[in-house]
K.L.:
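So that we are looking at the same thing, I have put the structure below in structure tokens.
Just so it is clear, the values below take in all heavy atoms, side chains as well, and ignore hydrogens, waters and symmetry mates. Atoms within each ligand, like the ligands themselves, are counted from 1 in listed order. Quick caveat, the model's predicted, so the values are computed rather than measured.
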Amino acid sequence: MATVGFIGLGVMGLPMAEHLAAAGHEVRGYSRTPQTRRRAADRGVVEAESVAEAVRGADTVITMLPDSPDVREVALGDGGVLSHIGPDATFIDMSTIAPSVSREISAVFGERGVDVLDAPVSGGQSGAEEGTLSIMVGGSAAVLEAQRPLLEAMGRTIVHMGEAGAGQVVKAANQIAVAAHLQALAEVIVFLEGHGIDATTGLTAIAGGLGGSTVIDRKSASAVAGSFDPGFRIELHDKDLAIVAESAREQRLSLPLTATVAQLMRALVARGDGGLDHSALVGLARTLNGEGR
Ligand code: NAD
């Protein structure tokens, strides 16, 4: 059994840390707010009062933080993970961040001889709570094999994608697919409603054919009802599509559909709906077509 430092105990991090503790590992959890740390302590995680306390003596340190600047600060900043991690320990960042930042962190830790994996996840809050996440891993295949038992406590599908940053590239690609499917659902709903056809009935037929999708299966009932409680917040998907845009530019790639959906996500953030679930694209499509949300 391993000693694990876990930093970032939010929607995703808390259930992930809880699964590690339930598997018998000693998990020392740190998150910015004391309430979050106490909630974790009620669920089998040993409360750490600082990054240092979570990291010192840990075999593996995991971060599950919102965005690239958060991970860079916690990993490389003053008093961060790098200041306290042992040379034989492994650092795994499971947040969704820019591949370029994952590569930078891997290089800096590598200079000190510390192994790093980028291991972003897909599967959402329910996947984290059920321990069935899909985990896309960049970094050394041998390091992944050594860490696989830990990752298996949190996920069901664990796939090595390539060198440092490769996990983040695949996660960004995943976010392209999810955004496009959500916008398709939004336009299907307003198209059906515009023709006076019951959207739920229409979607039942569509779900059984080539136009079906996991997004339709999981999101259509709440979206048709106009209920957009997160789930996955628009502001996080907006962040992910900014990562896609930056990474596409690095490789000189043109992604016109993704750019359009990214602008619609941004419009939701701009009008103050960044805290809603990303299926709020349906609400925006209704507004664009003259209906209330
Ligand atoms: P969240 O905002 O619920 O949780 C992040 C946690 O990190 C919060 O508790 C926050 O207080 C803490 N935190 C932020 N900065 C910190 C710092 N400097 N030091 C310590 N703690 C800090 O976010 P989430 O939904 O759990 O998402 C985390 C990551 O997982 C994001 O990169 C997101 O894109 C990705 N993700 C989320 C989902 C989802 O459905 N929510 C699905 C897949 C991937």
K.L.:
Just list the N/O pairs, ligand 1 to protein, that are under 3.5 Å apart, with the distance for each.
P.N.:
unit_1: ligand 1; atom_1: 2 (O); unit_2: Arg233; atom_2: NH2; d: 3.4
unit_1: ligand 1; atom_1: 3 (O); unit_2: Val11; atom_2: N; d: 2.9
unit_1: ligand 1; atom_1: 9 (O); unit_2: Ser31; atom_2: OG; d: 3.2
unit_1: ligand 1; atom_1: 21 (N); unit_2: Arg32; atom_2: N; d: 3.2
unit_1: ligand 1; atom_1: 26 (O); unit_2: Val11; atom_2: N; d: 3.3
unit_1: ligand 1; atom_1: 26 (O); unit_2: Met12; atom_2: N; d: 2.9
unit_1: ligand 1; atom_1: 32 (O); unit_2: Leu65; atom_2: O; d: 3.1
unit_1: ligand 1; atom_1: 32 (O); unit_2: Pro66; atom_2: O; d: 2.9
unit_1: ligand 1; atom_1: 32 (O); unit_2: Thr96; atom_2: N; d: 3.0
unit_1: ligand 1; atom_1: 32 (O); unit_2: Lys239; atom_2: NZ; d: 3.2
unit_1: ligand 1; atom_1: 34 (O); unit_2: Lys239; atom_2: NZ; d: 2.8

K.L.:
Can you give me every donor-acceptor pair (side chain of residues 151-173, partner residue at least two apart or in another chain, under 3.5 Å) with its distance?
P.N.:
unit_1: His160; atom_1: NE2; unit_2: Gly139; atom_2: O; d: 2.6
unit_1: His160; atom_1: NE2; unit_2: Gly162; atom_2: O; d: 3.1
unit_1: Gln168; atom_1: OE1; unit_2: Ile97; atom_2: N; d: 3.1
unit_1: Gln168; atom_1: NE2; unit_2: Ser95; atom_2: O; d: 2.9
unit_1: Lys171; atom_1: NZ; unit_2: Val121; atom_2: O; d: 2.7

K.L.:
Using the salt bridge (charged side-chain N to carboxylate O under 4.0 Å, His left out) rule, pick out the option among Lys219, Arg218, Arg233 that qualifies with Asp277.
P.N.:
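By the salt bridge (charged side-chain N to carboxylate O under 4.0 Å, His left out) criterion, Asp277 pairs with just one of Lys219, Arg218, Arg233: Lys219.
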
K.L.:
Might you point out which heavy atoms bring Tyr30 and Ala54 nearest each other, and give the distance in Å?
P.N.:
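Nearest pair, atom of Tyr30 first, then Ala54: CB-CB, 4.1 Å.
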
K.L.:
Extract all donor-acceptor atom pairs below 3.5 Å that involve side chains of residues 14-26 and protein atoms in other chains or at least two apart in sequence.
P.N.:
unit_1: Glu18; atom_1: OE1; unit_2: Arg43; atom_2: NE; d: 2.9
unit_1: Glu18; atom_1: OE1; unit_2: Arg43; atom_2: NH2; d: 2.7
unit_1: Glu18; atom_1: OE2; unit_2: Arg43; atom_2: NE; d: 3.4
unit_1: His19; atom_1: NE2; unit_2: Ala128; atom_2: O; d: 3.3
unit_1: His19; atom_1: NE2; unit_2: Glu129; atom_2: O; d: 2.8
unit_1: His19; atom_1: NE2; unit_2: Gly131; atom_2: N; d: 3.3
unit_1: His25; atom_1: ND1; unit_2: Ala2; atom_2: N; d: 3.0
unit_1: Glu26; atom_1: OE2; unit_2: Arg28; atom_2: NE; d: 3.2

K.L.:
With a cutoff of under 4.5 Å between side-chain heavy atoms, which Ile, Leu, Val, Met, Phe, Trp and Tyr residues group with Phe191?
P.N.:
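So far as hydrophobic clustering goes, Phe191 is joined with none.
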
K.L.:
In terms of hydrophobic clusters joined by side-chain contacts under 4.5 Å, are Val101 and Val244 together?
P.N.:
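The answer is no; the residues belong to distinct hydrophobic clusters.
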
